[in-house]
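Input: a single structure, listed below in structure tokens.
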There are 2 protein chains.
Amino acid sequence: MTAIKETSTIQENKQYALEKCPVTFVMEKMGGYWKPIILYHLSTGDKRYSELKRAIPTVTEKMLIQHLKQLEADGLVIREARPVVPPFVTYRLSDAGKGLLPVIQAMADWAFKVKDGVYNLQ
Amino acid sequence: MTAIKETSTIQENKQYALEKCPVTFVMEKMGGYWKPIILYHLSTGDKRYSELKRAIPTVTEKMLIQHLKQLEADGLVIREARPVVPPFVTYRLSDAGKGLLPVIQAMADWAFKVKDGVYNLQ
DNA sequence: ACAAGTACTTACCCTAAAGTATGTATATAT
DNA sequence: ATATATACATACTTTAGGGTAAGTACTTGT
């Protein structure tokens with residue numbers, strides 16, 4: 001998407017993380033500001049591009065497709081385009097993407113516990 | 001830690017996310033490149049600062065304490081300093097931090113499934 | 001004729017996060 | 001006297017990610 005300077009330390013670190021830390025491996029797939037939100041919205045079923053756009057009103061179109069493309073490239077979502085005009089494109093979770101739902105769920109559980117005062121974060 | 005420009009759009013978005021999306025709320029606590037790795041290492045028990053440093057050889061000291069301070073400020077880890085010299089400082093997960101372990105675990109499970117070929121990401 | 005809706009693309013800018021390098025204080029070991 | 005270990009701090013630079021704004025192509029509705 002954006003050109004990557006192969007020599008940068010952060011890229012080397014990403015290599016390290018991929019081999020050494022499973023958690024960071026996941027963060028690389030679902031990290032990025034909007035990705036978890038997108039996955040969350042796709043967890044309830046297929047969505048058209050425009051449906052996602054309306055469901056997440058504060059995301060810009062650039063960010064939305066950029067992340068959708070990345071998620072697709074990472075094999076987490078499947079893009080289906082019907083050859084009609086105006087375009088009709090739906091996105092849905094792949095099996096791998098569905099496999100991330102327990103992660104999403106565990107996150108949501110924690111967040112709700114925080115809101116319910118089960119944990120106090122100060 | 002770093003001064004924040006209150007008017008920036010990303011800050012408005014963070015507000016939005018906090019109220020609207022539990023998943024993003026979590027990502028703000030444990031997002032950041034090294035945080036999940038640190039939590040992962042603390043999940044097996046208390047660690048001294050220097051132990052963490054050795055356990056995660058590619059992290060710079062600046063990043064390590066910066067994230068430890070943030071995790072502490074967010075109420076996820078507890079810092080304990082014994083008044084001796086040379087310093088003896090241990091970090092451990094708080095209850096809230098321990099509450100994130102299912103998230104970490106779900107992530108690790110997914111990563112291992114990917115490695116075992118349960119999902120194919122291409 | 002013109003606006004609106006579809007799903008994007010692209011050029012440019014700005015900032016937050018990460019990295020580099022160096023410094024601090026105190027005590028023990030050599 | 002010097003080095004090492006502890007746990008940081010801080011000034012400066014780089015980079016990756018996100019944001020802004022505009023444009024594309026094609027069709028239906030008014």
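Note: hydrogens, waters and symmetry copies are ignored here, and every other heavy atom, side chains too, is used.
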Verify the contact: side-chain N or O of His67(A) to OP1 or OP2 of dG18(D), cut-off strictly under 4.0 Å; return yes or no. yes

Sugar-phosphate or base contact per nucleotide [nucleotides 3-13 of chain C; S, B, -; heavy atom under 4.0 Å]: --BBSBBBB--

If I take atom CG in residue Leu64(B) and atom C1' in nucleotide dA7(D), what distance separates them, rounded to the nearest angstrom? 10 Å

Ile37(A) versus Val59(A): any side-chain heavy-atom pair under 4.5 Å? no

For atom CD1 of Ile38(B) and atom P of dA17(C), their distance in whole Å: 15 Å

Which residue pairs satisfy the side chain to side chain donor-acceptor pair (under 3.5 Å) criterion with at least one member in residues 75-86 of chain B, sequence neighbours excluded? Glu80(B)-Arg92(B)

Tell me the interatomic distance from Ile56(B), atom CD1, to dA18(C), atom C1', rounded to whole angstroms. 15 Å

Enumerate donor-acceptor pairs with a distance under 3.5 Å from any side-chain N or O in residues 93-104 of chain A to protein atoms, sequence neighbours excluded.
{"residue": "Ser94(A)", "atom": "OG", "partner": "Gly75(A)", "partner atom": "O", "Å": "2.6"}
{"residue": "Ser94(A)", "atom": "OG", "partner": "Leu76(A)", "partner atom": "O", "Å": "3.1"}
{"residue": "Ser94(A)", "atom": "OG", "partner": "Ala96(A)", "partner atom": "N", "Å": "3.3"}
{"residue": "Ser94(A)", "atom": "OG", "partner": "Gly97(A)", "partner atom": "N", "Å": "3.0"}

Tyr33(A) OH to dA16(C) P, in whole Å, measures 13 Å

Over how many whole Å does the gap from Lys35(A) atom NZ to dA16(D) atom C1' extend? 12 Å

Contacts of Lys35(A) meeting side chain to side chain donor-acceptor pair (under 3.5 Å) (sequence neighbours excluded), chain-then-number -> Gln70(A)

Does Tyr91(A) have any side chain to side chain donor-acceptor pair (under 3.5 Å) partners at least two apart in sequence or in another chain, and if so, which? none

Considering residues at least two apart in sequence or located in another chain, which fulfil the side chain to side chain donor-acceptor pair (under 3.5 Å) criterion with Glu51(A)? none

Using whole Å, report how far CD of Gln66(B) lies from C1' of dG19(C). 10 Å

For Arg82(B) and dC8(D), what is the distance between atoms CZ and P respectively, to the nearest whole Å? 14 Å

For atom CG of Leu68(A) and atom P of dG18(D), their distance in whole Å: 13 Å

